[in-house]
Engineer: 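Encoded as structure tokens, here's the structure I'll be asking about.
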Amino acid sequence: MRTRSGTCYQEVHNMCHQNRTTDLNFTGARKRSKLLSGSPPHHDAFDTLPDDIVLSILAKLASTASCPADFITILSTCKRLSGLATHSVVLSKASSNCLAVKTKNWSEYSHRFLKRCSDAGNAEASYTLGMIRFYCFQNRESGASLMAKAAIRSHAPALYSLAVIQFNGSGGMKNDKDSRAGVALCARAAFLGHVDALRELGHCLQDGHGVSKNVTEGRRLLIQANARELAGVLTTTPSSLFSGKQLVGPLLSDFGCNVPVPEPHPANRFLIGWFAEKTASVEMRLCSYSGCGRVETRRHEFRRCSVCGDVKYCSRACQALDWKFRHRMTCRQAFDGNGNGDVNENGTMVDER
């Protein structure tokens, strides 16, 4: 520091220089003491892992996550995991349970996350977001495009949903129905193991709907669908539920009344929750099967039960499932008042006029 005359304060200058020298000596002595002590420097083993190994681990976790909270926990662990968890390799492997957004938790962030997963090539995200846009937001073109994107990747539920849209002409007029395209999509989904698509294809063959009528082949596919359904139940349901049941009946799905209702897809669960708070109206009616959630896109789009006329279904598969688990009792009572009506095991449906 200089005075007005240009001279320096000698004592202050010397004091500052002395303090800096003392600090440097102390720091150097502390470093030398650490080196002489022989203690190795602390390193986090996680920081030494290459990114490709961490991405592989995160992709495995995303594919096996049981709920979205499991994946969100990863994001909040540390900065590195938060950055790598949103990599396209990880998002492309996210399972349907990891993407199972609840209706009450829906937000713009959820929408962007599903879109990002879809852009990464995740077929489940494309299907889920497509169903939400098509039925909930009434964005028909964008929703159908996303479902088609999943169907190209051989996603069986997306193929079946597109078949239902073709059968009903959803999003358009009644003349937009294309039964032949619906049958082709159902055949592809059935080949991939989708039980509802196989059941729908069997009914189409029995009725000659969109395909040449072949009752024998249709019946064979229906039995095959019920056999696959029963095999799936036996692998997850204790055998005690079937004890004491007499294995009789025309369809394998009737082998025991304690067979649980199939768990709906997360996309269907979202639709069910979304429309649960909506008031029912003549212009908008849900499919009567409790595990579906699809809604009419125009008046009289779905077909009604030909016996009671009180229920509507988007497909024969939903009608068959609802008949087996619920409507069998109520429809028979409505049929003759005593529950003894002569109705076949799958019921029948007719188009609305």
Engineer: Would a distance-only check, ignoring hydrogens and angles, find a side-chain to backbone donor-acceptor pair under 3.5 Å from S110 to W106?
Structural biologist: no
Engineer: So, the side chain of S63 versus the backbone of A59: is there a donor-acceptor pair under 3.5 Å, distance only?
Structural biologist: yes
Engineer: Using 0.5 Å steps for rounding, measure from the OH atom of Y289 to the CG atom of L321.
Structural biologist: 4.5 Å
Engineer: Is the Y109 ring parallel, tilted or perpendicular to the F113 ring (thresholds 30°, 60°)?
Structural biologist: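 It falls in the parallel class, under 30°.
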Engineer: Suppose we call two aromatic rings close when their centres sit under 6.0 Å apart. Are W274 and Y135 close by that rule?
Structural biologist: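 No: the rings miss the under 6.0 Å criterion.
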Engineer: Got a donor-acceptor contact below 3.5 angstrom from the S56 side chain to the D52 backbone?
Structural biologist: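 No; zero donor-acceptor contacts below 3.5 Å.
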Engineer: Write down the atom of V164, the atom of C314, and the distance for their closest heavy-atom approach.
Structural biologist: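 For V164 versus C314, the nearest heavy atoms are CG1-O, 3.8 Å.
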Engineer: Under the 3.5 angstrom rule, does the side chain of S288 hit a backbone N or O of V311 as a donor-acceptor pair?
Structural biologist: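 Side chain of S288 to backbone of V311, a donor-acceptor pair under 3.5 Å: no, none is there.
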Engineer: Between the side chain of K149 and the main-chain N/O of Y127, is any donor-acceptor distance below 3.5 Å?
Structural biologist: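 Not a single qualifying donor-acceptor pair exists.
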Engineer: Can you see which heavy atom on C117 is nearest to which on A125, and at what distance?
Structural biologist: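 Here C117 and A125 meet closest at CB-CB, 3.5 Å.
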Engineer: Rounded to the nearest 0.5 Å, how far apart are CZ of R116 and CG of D119?
Structural biologist: 9.5 Å
Engineer: Determine whether more than 12 heavy atoms belonging to other residues, nucleotides or ligands lie under 6.0 Å from atom CZ of R180.
Structural biologist: no
Engineer: Could you state whether V90 and I53 fall into the same hydrophobic cluster, counting links through intermediate Ile, Leu, Val, Met, Phe, Trp or Tyr residues with side-chain heavy atoms under 4.5 angstrom apart?
Structural biologist: yes
Engineer: Following the transitive rule for hydrophobic clusters with a side-chain heavy-atom cut-off under 4.5 Å over Ile, Leu, Val, Met, Phe, Trp and Tyr, establish whether L49 and L55 coincide in one cluster.
Structural biologist: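 Yes.
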Engineer: Look only at the side chain of Q319 and the backbone of Y313, and say whether a donor-acceptor pair between them is shorter than 3.5 Å.
Structural biologist: no
Engineer: Can you name the ring-ring contact (aromatic ring centres under 6.0 Å, His included) partners of F134, sequence neighbours left out?
Structural biologist: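 Partners of F134 under the ring-ring contact (aromatic ring centres under 6.0 Å, His included) test: none.
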Engineer: Are L205 and V211 packed together at the side-chain level, in the sense that at least one heavy-atom pair is separated by less than 4.5 angstrom?
Structural biologist: yes
Engineer: Measure from the side-chain N and O atoms of S92 to the backbone N and O of S88, and report whether any donor-acceptor pair falls under 3.5 Å.
Structural biologist: yes
Engineer: Measure across I272 and S290 and return the closest heavy-atom pair with its distance rounded to 0.1 Å.
Structural biologist: CD1-O, 3.0 Å
Engineer: If you look only at pairs with a residue in residues 72-101, which of them pass as a ring pair (Phe, Tyr, Trp, His ring centres under 6.0 Å), with sequence neighbours excluded?
Structural biologist: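 Applying ring pair (Phe, Tyr, Trp, His ring centres under 6.0 Å) to every pair that reaches into residues 72-101, excluding sequence neighbours, yields nothing.
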Engineer: Evaluate whether atom CD of E141 has more than 12 neighbouring non-hydrogen atoms of other residues, nucleotides or ligands under 6.0 angstrom away.
Structural biologist: no
Engineer: Compute whether any side-chain donor of one residue and acceptor of the other, for H111 and R133, lie under 3.5 angstrom apart.
Structural biologist: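 R133 and H111 do have a side-chain donor-acceptor pair below 3.5 Å.
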Engineer: Quick one: do I57 and L91 end up in the same hydrophobic cluster if we chain Ile, Leu, Val, Met, Phe, Trp and Tyr together by side-chain heavy atoms under 4.5 Å apart?
Structural biologist: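 Same cluster: I57 reaches L91 through Ile, Leu, Val, Met, Phe, Trp or Tyr contacts under 4.5 Å.
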Engineer: Is there a side-chain contact between L159 and H194 in this structure, where contact means two heavy atoms from C-beta onward sitting under 4.5 Å apart?
Structural biologist: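 L159 does not reach H194 side chain to side chain.
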Engineer: Would you please classify the geometry between the H265 ring and the H155 ring as parallel, tilted or perpendicular, with 30° and 60° separating the classes?
Structural biologist: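 The arrangement is perpendicular - the two ring planes meet at more than 60°.
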Engineer: Quick one: SG on C67 to NZ on K102, what's the gap to the nearest 0.5 Å?
Structural biologist: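 So the SG of C67 and the NZ of K102 are separated by 8.0 Å.
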Engineer: What verdict does the side chain to side chain contact (heavy atoms under 4.5 Å, CB included) test give for F270 and I132, after you've listed the backbone C-alpha separation in whole Å, the side-chain angles of each residue and the deciding distance to 0.1 Å?
Structural biologist: CA-CA 8 Å; F270 185 91; I132 293 173; 3.6 Å; yes
Engineer: E296 and salt bridge (charged side-chain N to carboxylate O under 4.0 Å, His left out): which partner among K312, R304, K174, R303?
Structural biologist: K312
Engineer: A side-chain contact here means heavy atoms from C-beta on lying under 4.5 Å apart; do R285 and V295 qualify?
Structural biologist: no
Engineer: Does I223 form a side chain to side chain contact (heavy atoms under 4.5 Å, CB included) with R220? I'd like the steps, not just the answer.
Structural biologist: CA-CA 5 Å; I223 295 177; R220 186 186 70 81; 5.9 Å; no
Engineer: If only side-chain N and O atoms count, and only distance matters, is there a donor-acceptor pair under 3.5 Å linking S161 with R294?
Structural biologist: yes
Engineer: Quick one: closest heavy-atom pair of M147 and I165, and the distance?
Structural biologist: CE-CD1, 3.7 Å
Engineer: Between R199 and D196, is there a side-chain N and carboxylate O pair less than 4.0 Å apart?
Structural biologist: yes
Engineer: Can you tell me how far apart CG (N97) and CD (E124) are? Round to the nearest 0.5 Å.
Structural biologist: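 If I round to the nearest 0.5 Å, the distance is 9.0 Å.
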Engineer: Answer yes or no: is there a side-chain heavy-atom contact under 4.5 Å between E229 and K324?
Structural biologist: yes
Engineer: How long is the straight-line distance from CE of M131 back to OG of S126, given to the nearest 0.5 Å?
Structural biologist: 13.5 Å
Engineer: Determine yes or no for a side-chain-to-main-chain donor-acceptor pair under 3.5 angstrom, with N122 supplying the side chain and A94 the backbone.
Structural biologist: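 Side chain of N122 to backbone of A94, a donor-acceptor pair under 3.5 Å: yes, one is there.
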Engineer: So do Q206 and L222 actually touch side chain to side chain, heavy atoms under 4.5 Å?
Structural biologist: yes
Engineer: Would the number of heavy atoms belonging to other residues, nucleotides or ligands and lying under 6.0 Å from CZ of F191 be above 12?
Structural biologist: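 For F191, atom CZ is not crowded (no more than 12 foreign heavy atoms under 6.0 Å).
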Engineer: Going from CG on L201 to CZ on R316, what distance comes out if it is rounded to the nearest 0.5 angstrom?
Structural biologist: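 Going from CG on L201 over to CZ on R316, the span is 11.0 Å.
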Engineer: Might you work through the side chain to side chain contact (heavy atoms under 4.5 Å, CB included) test for L129 and F137, ending with a clear yes or no?
Structural biologist: CA-CA 10 Å; L129 185 58; F137 299 152; 5.9 Å; no
Engineer: Can you find a pair of side-chain heavy atoms, one from L221 and one from H203, that are under 4.5 Å apart?
Structural biologist: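 In short, these two side chains do not touch, never coming nearer than 4.5 Å.
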Engineer: Any idea which heavy atoms bring A150 and A123 closest together, and the distance?
Structural biologist: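 The answer is CB-O, 3.4 Å.
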Engineer: Taking the side chain as every heavy atom from C-beta outward, state whether K213 and V215 have any atom pair closer than 4.5 Å.
Structural biologist: yes
Engineer: Are the side chains of L84 and T86 in touch, meaning some heavy atoms are under 4.5 Å apart?
Structural biologist: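 With C-beta onward as the side chain, the pair stays apart.
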Engineer: Please give me the minimum heavy-atom distance between L271 and C136, naming the atom from each residue.
Structural biologist: CD2-SG, 3.3 Å
Engineer: Do L61 and F71 sit in the same hydrophobic cluster, where Ile, Leu, Val, Met, Phe, Trp and Tyr count as joined when their side-chain heavy atoms come under 4.5 Å apart?
Structural biologist: yes
Engineer: The test is side-chain hydrogen bond (donor to acceptor under 3.5 Å, both in side chains); show your working for S170 and E301 and say whether it passes.
Structural biologist: CA-CA 7 Å; S170 300; E301 176 184 338; 2.4 Å; yes
Engineer: Can you check whether C204's main-chain N or O pairs, donor with acceptor, with D207's side chain at less than 3.5 Å?
Structural biologist: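 Checked: no pair found.
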Engineer: Test of understanding: clusters of I, L, V, M, F, W, Y form through side-chain heavy atoms closer than 4.5 Å, transitively. Do L198 and L192 belong to the same one?
Structural biologist: no
Engineer: Please lay out, stage by stage, how S118 and L146 fare under the test side chain to side chain contact (heavy atoms under 4.5 Å, CB included).
Structural biologist: CA-CA 8 Å; S118 176; L146 285 170; 3.7 Å; yes
Engineer: Is the side chain of D322 donor-acceptor paired with the backbone N or O of C318 at a distance under 3.5 Å, no angle test?
Structural biologist: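 Not a single qualifying donor-acceptor pair exists.
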Engineer: For a side-chain hydrogen bond (donor to acceptor under 3.5 Å, both in side chains) check, start with the C-alpha distance between S154 and R188, then their side-chain angles and the critical distance, and finish with the verdict.
Structural biologist: CA-CA 8 Å; S154 299; R188 177 61 178 166; 3.1 Å; yes
Engineer: Not counting sequence neighbours, list each pair that qualifies as a ring pair (Phe, Tyr, Trp, His ring centres under 6.0 Å) and has a residue in residues 206-229.
Structural biologist: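 Output for this query lists F167-H209.
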Engineer: Are Q166 and S179 close enough that a side-chain donor and a side-chain acceptor fall under 3.5 Å?
Structural biologist: no
